[in-house]
Amino acid sequence: MAEVTTRSRGELTPEEERVLIRDIAISSEASSKEGDTFFLINQRWWQHWIDYVNQEQPNNTGDGSSLLEHFNSAGSSASKRPSGIDNSDLVNDATAEDPGAGPEIVDTLLEGRDYILLPQEVWNQLHSWYGGGPTLARKVISSGLSQTELAVEVYPLRLQLLVMPRGECSTIRISKKETIGELHRRACSIFYLNLEQICIWDYYGHRKHALMNDMDRTLDDANIQMDQDILVEVLDNVNGGWSASKGTSRNHSSEISTSPNLASARDSDNTLGSSGVTTRGASVGLTGLLNLGNTCFMNSAIQCLVHTPEFARYFREDYRREINWQNPLGMVGELAVAFGELLRKLWAPGRTPVAPRPFKTKLARFAPQFSGYNQHDSQELLAFLLDGLHEDLNRVKHKPYIKSKDADGRPDEEVADEYWANHIARNDSIIVDVCQGQYKSTLVCPVCNKVSVTFDPFMYLSLPLQATTTRTMTVTIFTSDGSALPSTYTVTVPKHGRCRDLIQVLGNICSLKQSEELKVAELQNHSIQRFLDDPLISLSTIKDDDHLAAYRVPKLVKKAVFLQLIHRLQEQEPGAAQTTSQWKAYGTPLVSSISRDDVISSGKIQSTVQRMLSPFLKKESLMHADSFDPSSMVTTVDPSGEAHSNSSSNIAKEDASSSKAVTLPNLPLQLVDESNVCFDLSVEGDKTIRIPSSSTSIVVYVDWSQKLLEKYNTHFLENLPEVFKNGPVTKKARTEPLSLYTCLEAFLREEPLVPEDMWYCPQCKERRQASKKLDLWRLPEVLVIHLKRFSYSSSRRQLYELYALTNHYGGMGSGHYTAHIKLLDENRWYNFDDSHISPINEDDVKSAAAYVLFYRRVKSDVSNSNGVRSGGGQEDVSTWR
């Protein structure tokens, strides 16, 4: 627990503390060796102290990866002296499973994010100044293939000791560098046994794998993993049978006596003969990567590539002879070397997590977007890494210039092979051998029907998710000529579509005339925020809680000015006199157009506004319209494009048409020009209004007095609905999981090009919005598929087998990445969560968090190596495993 230390009058200044700790740290880091003790300290407390002692320091830039860099960083402002060291956030509240190992720290801590490692001398000095705790000491151990790399063992092995036949169990913490002999001594101490009474087995997966009787061998060398079981067999000293010892162990429970797994093991493993022993061997490939601070996106992608069998073999052999040191498009071999060295460390015996700092440094050098410690997209990193490795390992030293030729009616097989040969002549590497495929691209001109066929390489497929490709939007349509009351429609549009898609479906639903056009506007605070005039505006910029209105206005060949009619009501502030009341905007603005060629006068504006408001005029015979509910006017458009209106809307339209014969009252209108000068159009007579040529619209306010409100039904102008209103959850039309084939179908579907990416037709000699169709022609050995969210199911035929995937949890700007990887030699799935690795069931692999998937071709008679098509034509990728 934290303890309070009283500071003496001769306390050090912040600068003196900084210099002293810096000097101690320099000395300690220079002489670090195996067996040294480091201490965990809360990162927040450490950062507070850093700010405190660096208050007067100038700015210094650094990546902060080294402890020493903290002593030269700048404090942003004056900081108070920290209180006692508080490591309580790092410790589990529950009682430690192994009291002798000290406090149990939280399993998910990350260095740099949650804690900092301090040499013993630095910790002792800080603790003498500030006190506090609890003290969390960890040892330095040797790691790596040559056992010359040093690492702090923050998480010693956590092992479950199972005693048979007693059925007792106990959890202990022990360093992976401790010997099997020490494990025997610990077991005897816990369960009150003698060394000659016990045999200890590697009980991984509740199966006997190896008798642990080499007392000098380390647990790391014995391939013991985190959170695995260790079987302690108690023998009868006389005849080798089971002991009936009545001794009670310390810190254990007897729950295991009812465990079905152990019960079955007790029944089957009833002798000490070798017949019940299997050999697990020293498995490799189960080494984790330390999280350096938001580097889970990198760790998950690296683990998937490292566990691709072709890459694992290639980089563990002499790959350096293929490095293209002179390629101007590469990284002078440095990226390939950094990746190769990291791969070799991850495939070396032992399970000490590797800190990928050298690799990240190289990555940041050639791709500055990945520098620092912000979260990034694992797919973006993967794309850069595959391309960078290809250029570093490109066997082509001098790329020839090759001009592509169109198909011109030649057989697809001939054209595809020609394109592939041209590609290989410039790009030939292990990445191409393993990951690159070829798709067929067909363009058809909509005017002359010219067909252009090309065959292009791909490194991975980015597939759309059909479950999220559309959205519903609610828009209210107003007329500008007073011909009808407003109508509200709910339409279905592409989720990532353009404004033109929305305008097109709205025009179809409201039977827009050839002489009309729709002006869609985004409304805010009862005013027009912006007109969505650009047809290429992405619909994703329109949020669900926005309010949209569409105005039917005539198409004018000549230039026109748009009249925006803003409604205002008189509101009186609480406690204020009537004379101090203000006019405030309310309701939905209306829009009409006026030709610039016409004389624009106050009378012209009056008549235009009266026409716009005519549908809302009340009549003595239709006073029941006051109780009309505008929400009953909503028209829903189903996916077939058919609109469904209700009878109330039709009645309202009849009311509007019958109101046209009424003599309209003069309206209190206020026009505001560009200089915010207000003109009262109700008293100025028929005065000509001058509108600057640069103006595209004029704003007119109509002030609704109580008397005027009695003559108009303004209910139709109130409560404009949101674009999408969350309501009761409706039954989903699709209940089965989204299949990979459905996503692939959407990717290969024929569709027109977007206007900004139009195709130059060689026959028309003009740019055309051609239709484009993709087909997969040549599939690689390893097929990488990028998804945003995905659930998959098994299929009957198996051309490709899933062996690795990255998962993303949380939002796209943050969240966490992990990897699920299948060790092919073991035929077993593991979860790689940075430095933590654990076995998982195959069912656990099927997750909605899947993001990037790695498939390997299943060897068969009809699917051969890269460059050979299945069945002599387009690849059949309709089934997956």
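Quantities reported herein were computed from a predicted structural model and do not represent experimental measurements.
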* To do: Determine, step by step, whether V154 and E111 satisfy the side chain to side chain contact (heavy atoms under 4.5 Å, CB included) criterion, reporting the C-alpha distance in whole Å, the side-chain angles of both residues, the deciding distance to 0.1 Å, and the verdict.
  => CA-CA 9 Å; V154 176; E111 183 181 0; over 6 Å; no
* Please assess E341 against R320 for the test salt bridge (charged side-chain N to carboxylate O under 4.0 Å, His left out), listing each intermediate value before the final yes or no. => CA-CA 11 Å; E341 291 180 351; R320 290 174 178 257; 3.4 Å; yes
* To do: Apply side chain to side chain contact (heavy atoms under 4.5 Å, CB included) to K399 and L329, showing your working.
  => CA-CA 11 Å; K399 295 186 178 183; L329 300 178; 3.5 Å; yes
* Evaluate the side chain to side chain contact (heavy atoms under 4.5 Å, CB included) criterion for residues L748 and K773: first the C-alpha distance (whole Å), next the side-chain angles of each, then the deciding distance (0.1 Å), finally the verdict. => CA-CA 6 Å; L748 301 177; K773 175 73 170 68; 4.2 Å; yes
* Please test D834 against L289 for side chain to side chain contact (heavy atoms under 4.5 Å, CB included), starting from the C-alpha separation and ending with a verdict. => CA-CA 5 Å; D834 291 327; L289 288 167; 5.8 Å; no
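Between Y155 and H836, the ring planes lie perpendicular to each other; the angle is over 60°, past the 30° to 60° tilted range. Relative ring orientation between W777 and F455 is described as perpendicular, the plane-to-plane angle rising above 60° on a 0-90° scale split at 30° and 60°. Between Y855 and Y800, the ring planes lie perpendicular to each other; the angle is over 60°, past the 30° to 60° tilted range.
Side chains of N324 and K397: no donor on one and acceptor on the other come within 3.5 Å. H423 and Q436 share a side-chain donor-acceptor pair at under 3.5 Å. A side-chain donor-acceptor contact under 3.5 Å links T818 and N807.
Here the side chain of N394 pairs a donor or acceptor atom with the backbone of R426 at under 3.5 angstrom. With H808 contributing its side chain and S378 its backbone, the two residues share no donor-acceptor pair below 3.5 Å. Formation of a donor-acceptor pair under 3.5 Å by the R344 side chain with backbone atoms of E317 is found in this model. Judged by distance alone, with hydrogens and angles left aside, the side-chain atoms of T361 form a donor-acceptor pair with the main-chain N or O of R357 at under 3.5 Å. A donor-acceptor pair under 3.5 Å is absent between the side-chain atoms of N841 and the main chain of D843, judged by distance alone. Checking side-chain atoms of D387 against main-chain N and O of F384 turns up no donor-acceptor pair under 3.5 Å.
Using a 4.5 Å cut-off on side-chain heavy atoms (C-beta onward), P535 and I503 make no contact. When side chains are defined from C-beta on, V106 does not count as touching Y115, because their heavy atoms never get closer than 4.5 Å. Between Y319 and D392, every side-chain heavy-atom pair lies at or beyond the 4.5 Å cut-off. Looking at D534 and C499, their side chains never come closer than 4.5 Å, going by heavy atoms from C-beta outward. Side-chain contact check for W347 versus R316: some heavy-atom pair is nearer than 4.5 Å. Counting heavy atoms from C-beta outward, V493 and L539 have side chains that approach closer than 4.5 Å. A 4.5 Å side-chain heavy-atom check between I323 and V332 finds every atom pair outside the cut-off. Within the 4.5 Å cutoff, no side-chain heavy atoms of N299 are placed close to those of Y817.
Taking CE from M298 and CZ from F370, the interatomic distance works out to 10.5 Å, rounded to the nearest 0.5 Å. Atom CD of residue Q43 and atom CG of residue D114 lie 8.0 Å apart, to the nearest 0.5 angstrom. Atom CG of L774 is separated from atom NZ of K440 by 11.0 Å, given to the nearest 0.5 angstrom. Note: R395 CZ to E322 CD = 4.0 Å, rounded to the nearest 0.5 Å. If you take CG on L443 and OG1 on T454, they are separated by 6.5 Å, rounding to the nearest 0.5 Å. To the nearest 0.5 Å, the span separating CG on D545 from CD on E722 amounts to 6.0 Å.
The minimum heavy-atom distance between S429 and L393, with the atom names listed, is CB-O, 3.4 Å. Across all their heavy atoms, D433 and D428 have their closest contact at OD1-OD1, 3.9 Å. Contact record, Y803 with C304: CE1-O, 4.2 Å, taken as the closest heavy-atom pair. What you find for Q438 and A416 is that their closest heavy atoms are NE2-O, 3.2 Å. Nearest heavy-atom pair, R530 versus T541, reported as atom, atom and distance to 0.1 Å: NH2-OG1, 3.5 Å.
A distance of 6.0 Å or more separates the ring centres of H307 and F854. Ring pair Y830/H820: centre-to-centre distance not below 6.0 Å.
More than 12 heavy atoms of other residues, nucleotides or ligands lie within 6.0 Å of CG in D456, so this atom counts as buried by the packing criterion. The local environment of CD in Q326 is sparse, with at most 12 non-hydrogen atoms from other residues, nucleotides or ligands closer than 6.0 Å. For R44, the CZ atom sits in a loose shell: 12 or fewer heavy atoms of surrounding residues, nucleotides or ligands are nearer than 6.0 Å.
Note on R857 versus E310: no salt bridge recorded, every NZ/NE/NH1/NH2 to OD/OE distance being 4.0 Å or above.
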